[in-house]
Every structure is written in structure tokens, then in C-alpha cells.
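Step one of this worksheet: look at the structure below.
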Amino acid sequence: MVARGSGAEEAPPPTQQRLVFAYYITGHGFGHATRALEVVRHLIGAGHEVHVVTAAPEFVFTTEIDSPSLHIRRVLLDCGAVQADALTVDRLASLEKYHQTAVVPREAILRTEVEWLHSIKADLVVSDVVPVACRAAADAGIRSVCVTNFSWDFIYAEYVVAAGNHHRSIVWQIAEDYSHCEFLLRLPGYCPMPAFRDVIDVPLVVRRLHKSRSEVRKELGIAEDVKVVIFNFGGQPAGWKLKKEWLPDGWLCLVCGASDTQELPPNYVKLAKDAYTPDLMAASDCMLGKIGYGTVSEALAYKLPFVFVRRDYFNEEPFLRNMLEHYQCGIEMIRRDLLTGHWKPYLLRALTLKPCYDRPINGGEVAAHILQDTAVGKKYISGKLSGARRLRDAIVLGYQLQRAPGRDVGIPEWYSLSEKEIGVRPAPASRRINGSAESSFEDFEILHGDMQGLTDTMAFLTSLSGLVGNDPRIPEKQSRERTAASVLFDLEEDIYVARAPGRLDVMGGIADYSGSLVLQMPIREACHVAIQRSDPVKQKLWKHTQARQLANGAVPILQIVSFGSELSNRAPTFDMDLSDFMDGDKPISYEKAKEYFSQDPSQKWAAYVAGTVLVLMTELGVQFTDSMSILVSSSVPEGKGVSSSASVEVATMSAIAAVYGLNIAPRDLAILCQKVENHIVGAPCGVMDQMTSACGEANKLLAMVCQPAEVKELVSIPTHIRFWGLDSGIRHSVGGTDYGSVRVGTYMGRKMIKCAASDLISQSFPSAPTQSCDASEEYEKYGVDLLKSEASLQYLCNLPPHRYEAAYARDIPEFITGDEFKEKYGDHNDAVTVIDPKRSYSVKAPTRHPIYENFRVEAFKALLTAAKTDEQLSALGELMYQCHYSYNACGLGSDGTDRLVNLVQEIQHRKTTSQHEGPSLFGAKITGGGSGGSVCVIGKNGLKSSEEIFEVIVHVFFCISEHPEFSNCKHVNYNHTTNSPLISHHKR
């Protein structure tokens, strides 16, 4: 059901009954308070009493509503998202603060709220969108309704996946609280909200205007012909140092949220804290700020061009952004340009926009009318379509949380922005030439390499060819990334394309940085990178880079577009002057580069791509005097432990090497790419990911000794054996604290072993002229040469398990603090991790793991050539199980991966009706860096094993209703894998 209004401003007709509403407003930002204000105003205008429960300042309400029927109760019952600054959310801090604010005191909160609701004799509870308010209303026996465009279970779900899995019960509790709500009044630009049973759609809720444009300008002393931009970053002051030259000549900037002590240049005007923003927006020519419901709704309503800067880790933004851009009301400013004052091209372009929002904006009136009717007992909801709607929301919720790259759409076109709901036309299909995929790239001539029948490469070339038909002047007809890509290349000049696959970690995993033998398999999912080299004068540039070049002269510029960015809520484009990589006549340090890319989290992804340029400059002395345009498109799932980052690095560096004629051996290229990840991205990974992507072959295991990167052989997978990769649904990152702390613990253990070996050598040669009997026995027992080799141990995996157990295991502590270790042993001698003095590190398990893992991998490799029996498969599977539980001992396990491994074990060991029918699945293990990601399964290559894998998948999906943390599970069969050499293409 969709509720529509006429746009009139009069209040709903009063009823004979004076009703009491309890209106709860979330503690996140002013936007919720300002939109609730509009609903409250209509309720009070209809003669009702409203008690507002909020943490927002009272003036937000009292300056607009002067009535004894308004009661404000200052209470914080949730915390929203904790912001590190005006643009960045601290995900873990948000979860922890919510835990302290709403979880720890939950029982006391419920008791207090139930008593208070009874005391005011509330007829209806309204929530925007405080979870516990719905549960308190249910406990008090009062109906409740929510009014919102997003819910906190959706927002926090990604935080749990990415930063705080141990807080996942928060999401369950929030969803359960919302389920007590009778129905949801859903605002435009909404996110998926499957927790709500029923939904009514209402128009935009926006604050009314009090003054005309001319009245506001007259009060501020601004002439009608002066261009004005309002600087609006919400209730959290930005605190940036603003400069006069950042504005176009003759412009004025109205600054919201400036501190009392902040000094502003003469072309900036500091606004009062309680300034009425809608009037100021209507008097301005454009707005510069961050996306939130308040700013977007009022920009749309008053047709104000909106230059927005992307916020990090706030999931409502893509949905609001899509609506904003569809109605030609918004353009994105890169954060770096915001902070460095490169505003002019964006502000001037904003003046060319033609905002065209033509839907009703009387959502406050409509919502108030529905709330009033509900409070007196009217039933609005039939429930007929609620099941289908909730299923649709659940699907999109999983779609959003999966963050699978490789597609150039951010939100399914059938969701939220449908023709029925806000009048958006569906996006046209990708351009196809002569109706066939093959003909879509017939204009390309392959100059080097072979596509090897790879359908993904064919599809990528189709996508490149399709860019020719895109019209960047009609942005609403295509995604923002395709709009940017459509002006990236000159298709009359050479374009070089490289492909690099992800990998499935069969055996070895985190033991790679300890020098282990590893067995890795390239998968069919891959990253494609297209690159074009051009003269700086001739390079096709985006408008803001054109403006920068006009100011700085024609200098080499790097422009990058990442397809799939909308799914990760990251900026789709990145650009920089290549001179930024130079410090005088030398390349900048890796540490400075890391700081450079960390300035804007939404563009940090560019470090994986642009970092390859700096590594080539630093390590090989390559000089880049030309500009480069790069397009990245990857189908390797992110955060699933299958080396999505390595595939991007390898594909990018391979393409750059081709375009510049650099002859880099695959092994050397992999080591260079590892430097990108270790030193510029800051992820302390080993080298096996890059080596597999660069050197692997389809349907073979790359056997490599990571000392540092020596390919031993390519092992053919026996035809009776099959490997599968199953996604646990838990996001993984080698940049996470667990992975890094385990690596630190491993290097601590190596240092302890080396010191212990040195001590044994000194005992073998005492300073006294006569050796003691004990020292002589010690000498005979260990042997000086062996001890010397262990005292200079470079890789832990060179220490056999029996030597570890015989000489060192008993002296390795379970845990040690950073302070204690540094005091006794000094440095741990790892160039890519740093010891935190205050942290306690697990040492014994991380030290033991690589020593035994190397032995397991050697045994696994040898068993692959054994007789084809169930015993062979059982032994291989046992080695995988041992690896899995060793990961858990290190602290790198997860509930999701354990669940999958346990299901494989249950299927393997269950009794069958036939005596001749044995198991088909034999083992499973967590992969890569652990802490989530994917599980590798081994089994027979046959129909039964495939059926049993499907059974595992079905079991996991049955768990979704009970365990929301698995709601974003994705299952991938990695058996048929492909790799590809460099392919170069030329447009005829």
C-alpha cells in the first residue's frame, strides 16, 4: 500500500479524542529529529499531545513548535553510529557503544520505559528508529509504529561482518525488537528492512519553509546575483580550515556547525547554531555536504543542487545517493578535493544541474494522519503481501552485505527505485553490437596472447566495447562508474588488458610467511584490468581533473575506475598527479604512500592499483612520464579468503608491464605485488596469493616453497579427486588484528627458538677450561652444527616437528605481552608488523602451527600420487581437518567456517544403508588468512559428492533463520579453474 498526499500544508482534521503519542527518536544525528519534528508538528496541530524522547537539543523542536502539548524528555536509548570524524564511522566503536548504551542496561531500560508509558497513558508509541521502544511498547500493551528509511539491524549487520563479529547478537536483538512493531511507515530512499512485518510507503518528510529566498538574502545582506553555497555537514562540526581561494570568484559560503572560535575568510559566513537550515538552503544556489536523509530530502524538495562527499561505512548512503542522482540533484566530490580546497569545478558544475523531483513532499502530514488513525484503532495493513516484501528485503540485505565485486550496479534495479514507487525508469541493458557477445568486441584485434576460450575475458571486452555507446551527459541512464569509464579511454588508441585469477588455499595458508610448502589452486573468478598510456596533453580527463590540470599545467595524471564499487560503498573513481609519488627526484617512501592512501577510506582501495606504480618506480627505477587511465573489474569475491586483492595487484602490474614494455618474470612480478600489499596497503600477507595469481595453471596445484617464493612444481589434480570452495558468509581481511597478531606471535616464537639455540651453543662451550659432564652431554645430544643452524633460523618451517618438540616446545609460553617480549628479546625481526607493548600475544599455537603445517603439506603432496583408494582420501581429509583445528588454536577460526567443517564431518561419518557405499566427502579446512572467508572441501569427483555439497549448502540456508550472521552466505564451486596470460587489445 502506498499513501499519497496532495501537498497541502493544513493539519489533519481533529478527532473528538485527544490522543497521547510517545515519539522515540534515535541518538544518531539531527536528521531524525528534524524529520520527526514535522510529523510531531502535524500531530500537535490536530489537537494531540506528543512526548518526544530524544537526545537531540531542545531548540530543534522548541524553535518550531511553541505548544504546551509538546513534552521533551532527554534520554539516550541508542547511540546510532559513532563517527571518527564528520565523514567516517568507527564501526567497532559503534557496536561497543551500543552494547554499553542499550544492551548492558537493557532490563532497566525496559522497566523504566514501560512505567513511563503507563504514566503518560500513551495511546501509541512511534519510533524513529529506536529498537527498544518497540519492545517496551509491547511489554506495556501499547501498539507501536516505526517511521524511517533505514533500520539499525541493517546498518550494524555490516559492522558485525567487517569489524566486530563477537557483537553479532546485537543485530539479532535489534531485529527482534523491531518485529514487535505493528507496521513501518517507510520513507523514500529506503534500505532493506526485513525485520518489519508490514509496510506503508509515505512521501518525503521535509521541514516547511518560513521565508522566501529574497527575504533570507536580504537578512544576510547578500545580493540576488551573488552565488551562494551552503556548507552543511550535519550536527557534527567539520572543524576544517577553510580558505578564501577555495570558492569561485564572487561566491559566498554559508557555514553550518562552525565552532565559536573558528575564524573564517571574508567570503564565508558563520551561521548561528540554531539557524533554520531549510530557509538557508532555499536561498542558496547549491549545497556542499554529506549525504543523510535530512540533507537529501530537503535538497530534493527545494530542488537544490547537492555536491556531496561520500561517508564511510554508513549503509543508507547508496540508497539515498541513487535517488539523489536519479533526480539530477547531486554530484560527488572526491574527499581529497574537499580537504585540499579543489571545490571550484564541482560548484560550477552544480549550477548546470536541473533538479527534477516531482513527487509529493507532504510525508509529515500523511504520516501524522496514519498515526492518528492507528491510535484510535484503525487497521491499515492487510498483510497480504508482507511475506513477499520481507523476502525481497532479505534478498537485497544479503546482496548488499555480500559486497561481491565485478558488477557495475549498486542496488538491484527492481528494489527501492522501482517505477511504481518513485517513478524511476529501469536502467537500459548493456550495449550489444549486432546482438551477440562475440560481435561486441569485433573491433578489437588481439595483438598478443590468447583468450583460451575464457568467457569472462570475452565479457570484459564486451563491456569495454559497450562503453562507446554510453553518453556521459545522461548519468541517470547508467551507473556512476560506467559514466566515469565512458570517458576514460580513447578507443582509437592501444588498450592493454590483463587477467589474473583468485586462488583457493588447499594447504599451507598462513604458514607461507614462515617459509612453508603450500599447495594453491587458481580459481575461475578473476580480475581484469584495462590500461591506456597517453600523452598528458591528449589524455581524456574528467571535469575536475581538467580543472586541476588547467591550474597546474599538463602533468602526468593517473585515473582509475573500479567496477563494482557501488556494492562496496567505495568511491568508484580515483585520480592523482603522478608527481605526488615523487619527493624531489626520488620516489616517496612506502610509509608516506600508505599515509597518502589512508586519507580517504572510501578511496583506500586505490592503493592496490596505484601502489603498483610506486613499487615499479622504487624497485625497478621505472619513470612514468605519460598519463595512465586504468579500468578494474573483478569477479573475485572480496573478504572471502580467495585473494581478491592479489588478483587486482597482479592484473594491474601485468598490464602496466605490458604497456611500458617491461619484461618481468612472473615470480618477480608476484614479489613486487607483495610489496604493494605489505608496505603500501599495510596488510602483512605472505607471497603465496600473488604467486598463485601470477604463476598458477588451471586444474593444477601450485606447489611452492615460500622461501621466499620458489615454485617447486605444478601438481596435477588426480581425476578422482575434486575440491570445492564454500563461502562461510563471514568476511575476512588479512589487514585485521587477528591475522596480524598471530603473525607477530609466530615471529616472536621464532626469535625465542633462535635465542634458545644460541644459549645451548654457549653451554656447549663454557668459559671455564674444563667442560662439565652436563655440558658435554648437551653437546653430544644436540650437535653444534645443528644448533648453529637453528640459532640462525630464517624460516620456522625449516625446523622439523621432532626438533621443535625435543628442544624448544616446553619453553615457548602460551602468551606474552609486547612489553615482556621486547624487554627480554628485543625486536621480533618482522618488517611488516609492529609489536604493541600493551597487547598480550598468543605465541605457542602460532609458533607450532607453521612447523606442523609444513609437514602436513609435504605429506598431502606425497599422498596425491598414492593409490586411488578411500584410505588415500581419508588421509588427505585428515590432514585438512588437522590444519583447520590448528587455525582455531591460533585464534583464526570463526563460527561460520566451523559450521561448514562440522557439516562435512557429519556427512562423512554418518551411517549408510548400503554396506558398499562409503563417504564421498573426506575433509575440509578454513583457508587463507582465516577468521572467516571460505572453506576448502575435498571429495570424490562424482555425482554423489556434488549432491552432498548441495546438502551442506541447504543445511546452511536452514540455519539462516536462526543465525542472521549467515544471511549473506554465498557458495562457489571452485573446481574448474582457469588462468590466463597477458592479453593486449587494439581498436582498429
A side-chain contact here means heavy atoms from C-beta on lying under 4.5 Å apart; do [X] and [Y] qualify?
X	Y	value
Asp505	Cys936	no
Ser463	Phe563	yes
Phe460	Arg499	no
Pro850	Tyr795	no
Asn941	Thr719	no
Ile938	Lys925	no
Tyr885	Val901	yes
Lys940	Leu873	yes

Between the side chain of [X] and the main-chain N/O of [Y], is any donor-acceptor distance below 3.5 Å?
X	Y	answer
Arg503	Gly641	yes
Gln690	Ala646	no
Thr927	Ser934	yes
Asn798	Leu793	no
Glu853	Cys883	no
Asn678	Ala683	yes
Gln520	Thr692	no
Ser516	Asp512	no
Ser894	Thr897	yes

**Request:** Carefully, step by step, assess Phe815 and Ser842 under the rule side-chain contact (heavy atoms from CB on, under 4.5 Å).
**Result:** CA-CA 4 Å; Phe815 296 91; Ser842 173; 3.6 Å; yes
Rounded distance [0.5 Å steps], [atom1] in [X] versus [atom2] in [Y]:
X	Y	atom1	atom2	answer
Ser643	Leu504	OG	CG	9.5 Å
Ser654	Leu669	OG	CG	4.5 Å
Leu892	Tyr739	CG	OH	9.0 Å
Gln872	Phe922	CD	CZ	9.5 Å
Ile926	Ser931	CD1	OG	6.5 Å
Leu799	Ile851	CG	CD1	4.5 Å

Closest non-hydrogen atom pair between [X] and [Y], with its separation:
X	Y	answer
Leu879	Met507	O-CE, 3.9 Å
Ser920	Glu948	CB-OE1, 3.3 Å
Gly933	Asp727	O-OD1, 3.8 Å
Val935	Ala924	CG1-CB, 3.9 Å
Ser647	Gly502	CB-N, 4.1 Å
Val681	Ala607	CG2-CB, 4.0 Å

Would you say the side-chain atoms of [X] and [Y] include a donor-acceptor pair closer than 3.5 Å?
X	Y	value
His528	Ser633	no
Thr833	Arg743	no
Gln674	Asp689	no
Gln882	Tyr887	no

**Asked** Do Glu525 and Val642 pass the side-chain contact (heavy atoms from CB on, under 4.5 Å) test, and can you show the C-alpha distance, the side-chain angles, and the key distance before you say yes or no?
**Response** CA-CA 9 Å; Glu525 286 78 11; Val642 289; over 6 Å; no
**Asked** Would Arg848 and Glu814 count as a salt bridge (Lys or Arg N to Asp or Glu O under 4.0 Å) if you check the C-alpha gap in whole Å, the side-chain angles of each, and the deciding distance to 0.1 Å?
**Response** CA-CA 11 Å; Arg848 188 179 191 274; Glu814 293 287 346; over 6 Å; no
**Prompt:** Should we say atom CD of Glu951 is surrounded by more than 12 heavy atoms from elsewhere, each under 6.0 Å from it?
**Reply:** yes
**Message:** Could you check whether atom NZ of Lys604 has more than 12 heavy atoms from other residues, nucleotides or ligands sitting under 6.0 Å from it?
**Reply:** no
**Fill in**
From the list Val609, Val636, Thr612, side-chain contact (heavy atoms from CB on, under 4.5 Å) partner of Val648 resolves to Val609
Lys/Arg N to Asp/Glu carboxylate O, [X] vs [Y], below 4.0 Å:
X	Y	result
Asp456	Arg524	no
Asp830	Arg750	no
Lys944	Glu947	no

**Request:** Measure centre to centre between the rings of Phe855 and Tyr852, then say whether the value is under 6.0 Å.
**Result:** no
Can you give me every donor-acceptor pair (side chain of residues 708-718, partner residue at least two apart or in another chain, under 3.5 Å) with its distance?
from, atom 1, to, atom 2, distance (Å)
Glu710, OE2, Arg667, NH2, 2.8
Glu713, OE2, Lys861, NZ, 2.7

**Request:** Report the C-alpha separation of Met704 and Cys706 in whole Å, then their side-chain angles, then the decisive distance to 0.1 Å, and conclude whether the side-chain contact (heavy atoms from CB on, under 4.5 Å) test is met.
**Result:** CA-CA 6 Å; Met704 180 184 73; Cys706 303; 3.3 Å; yes
**Request:** Determine, step by step, whether Leu726 and Ile949 satisfy the side-chain contact (heavy atoms from CB on, under 4.5 Å) criterion, reporting the C-alpha distance in whole Å, the side-chain angles of both residues, the deciding distance to 0.1 Å, and the verdict.
**Result:** CA-CA 9 Å; Leu726 302 182; Ile949 286 292; 4.2 Å; yes
**Request:** Under the side chain to side chain donor-acceptor pair (under 3.5 Å) rule, what do Glu677 and Ser645 come out as? Steps first, then yes or no, please.
**Result:** CA-CA 8 Å; Glu677 190 136 1; Ser645 58; 2.9 Å; yes
